[in-house]
Amino acid sequence: MLAIIGGSGLTQLTNLTVERREVIRTPYGEPSGPLTFGRLCGQPAIFIARHGYGHTIPPHEVNYCANIWALKQAGASCIVSIAAVGGIRADLGPGAIVIPHQIIDYTWGRKSTYHEGGDAPVVHVDFTQPYDPELRQVLLAAANDAGQAVSDGGVYAAMQGPRLETAAEIDRLERDGADIVGMTGMPEAALARELDLPYAAITVVANHAAGRGDSKLGIQFASLEDILRETMERVRHIIEMICLEDK
Ligand code: HPA
């Protein structure tokens, strides 16, 4: 069953026919909110709002362990993450949609593994390809079927937040090879891998990253919300076209 984690600008999935909501308890505490079970174009699907339904949980306080655990427990077989990002690469301006293929993790102090404590043997999961290649192809096909242009591939820099970056930090991320910057991609992707759940992301560029384009002197929050609203509508069309076939 498809699970969708909605980020900023997508706290509700209006094209999901809601059947029930369920509070799931996990050994890691409370998820960001109840899981919403329903149907998306006839297929069963689960939705959770990463920042809570009222958008009150900042990126560094999201209980990623509880969210991914709850989705697995509820029967998810794969996870599509929706997230807002800043565009670092010049061609990734506001309104661009990117299906990233790589991650660099700059977050700190977040609980980022299920494999700690107790007497269990040490586990190192493979994370060479942090986004599931097959699920990425499913998303690219869905975007194509929805007639929505997306960028195939991009390196996602996961920052700690909740503050936005300095211009020099963005220069550094670019030198590191990052194309887009966000605050929620990790440890979410790694935790999904630890639970063997294929995971991929649809990211929406809400703004030029700090010091770039029209964010040269600062990020314009007023236009950011309009862009997010419009682009998330396009993302909804893509989500409607996701065809899992036994995933
Ligand atoms: N930086 C980090 N996270 C973000 C940004 C940004 O510029 N825009 C949206 N999420």
Side-chain angles (χ1 to χ4, degrees), residues 4-12 32 48-52 54-64 67 80-110 112 130-131 150-151 153-190 199-236 238:
I4 293 176
I5 303 180
S8 301
L10 198 90
T11 49
Q12 282 186 339
S32 298
I48 184 169
R50 182 185 287 115
H51 301 283
H55 203 267
T56 51
I57 310 170
H60 63 295
E61 288 186 336
V62 170
N63 190 338
Y64 297 97
N67 286 353
V80 173
S81 149
I82 314 295
V85 294
I88 299 176
R89 225 168 67 200
D91 62 314
L92 297 178
I97 300 176
V98 183
I99 316 282
H101 74 297
Q102 276 297 335
I103 300 177
I104 305 177
D105 186 10
Y106 301 90
T107 64
W108 47 270
R110 302 181 180 189
S112 55
Y131 297 107
V150 299
S151 285
V155 177
Y156 175 105
M159 296 295 277
Q160 176 69 2
R163 67 163 177 84
L164 291 155
E165 298 72 34
T166 67
E169 285 171 335
I170 294 298
D171 290 343
R172 173 199 171 195
L173 297 186
E174 183 170 49
R175 287 194 298 276
D176 284 356
D179 301 304
I180 50 178
V181 55
M183 302 177 189
T184 56
M186 285 294 285
E188 198 174 83
Y199 176 99
I202 304 176
T203 67
V204 167
V205 177
N207 55 282
H208 284 287
R212 302 294 155 103
D214 63 0
S215 303
K216 198 132 254 133
L217 299 178
I219 289 167
Q220 310 302 318
F221 288 95
S223 55
L224 196 145
E225 279 185 17
D226 289 343
I227 293 280
L228 258 188
R229 194 172 330 106
E230 285 162 24
T231 317
M232 285 301 177
E233 212 39 58
R234 295 173 46 213
V235 169
R236 285 195 176 92
I238 297 176

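What you see is a predicted model; the values in this text were computed from it and never measured. When a ligand or atom number is given, it counts from 1 through the structure's own listing order.
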Any nitrogen or oxygen of Asn207 lying under 3.5 Å from a nitrogen or oxygen in ligand 1? Just yes or no.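 Among all N and O atoms of Asn207, at least one is under 3.5 Å from an N or O of ligand 1.
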Using a 4.0 Å cut-off to any heavy atom of [X], which atoms of ligand 1 qualify?
{"X": "Leu164", "answer": "1 (N), 2 (C), 5 (C), 6 (C), 7 (O)"}
{"X": "Met183", "answer": "2 (C), 3 (N)"}
{"X": "Glu165", "answer": "1 (N), 2 (C), 6 (C), 7 (O)"}
{"X": "Gly182", "answer": "2 (C), 3 (N)"}

Taking the side chain as every heavy atom from C-beta outward, state whether [X] and [Y] have any pair of such atoms under 4.5 Å apart.
{"X": "Asp171", "Y": "Arg212", "answer": "yes"}
{"X": "Met183", "Y": "Leu164", "answer": "yes"}
{"X": "Arg172", "Y": "Tyr106", "answer": "yes"}

Residue and atom name of the nearest protein heavy atom (relative to [atom]), distance in Å to one decimal:
{"atom": "atom 4 (C) of ligand 1", "result": "Val181 O, 3.7 Å"}
{"atom": "atom 10 (N) of ligand 1", "result": "Ala84 O, 3.5 Å"}
{"atom": "atom 5 (C) of ligand 1", "result": "Gly86 N, 3.4 Å"}

Met159 touching ligand 1 at heavy-atom level, < 4.0 angstrom: no
Is a donor on one side and an acceptor on the other found under 3.5 Å between the side chain of [X] and the backbone of [Y]?
{"X": "Gln160", "Y": "Trp108", "result": "yes"}
{"X": "Thr184", "Y": "Pro59", "result": "no"}
{"X": "Arg50", "Y": "Ile82", "result": "yes"}

Interatomic spacing from CD1 in Ile180 to CD1 in Ile88 - rounded to 0.5 Å: 8.0 Å
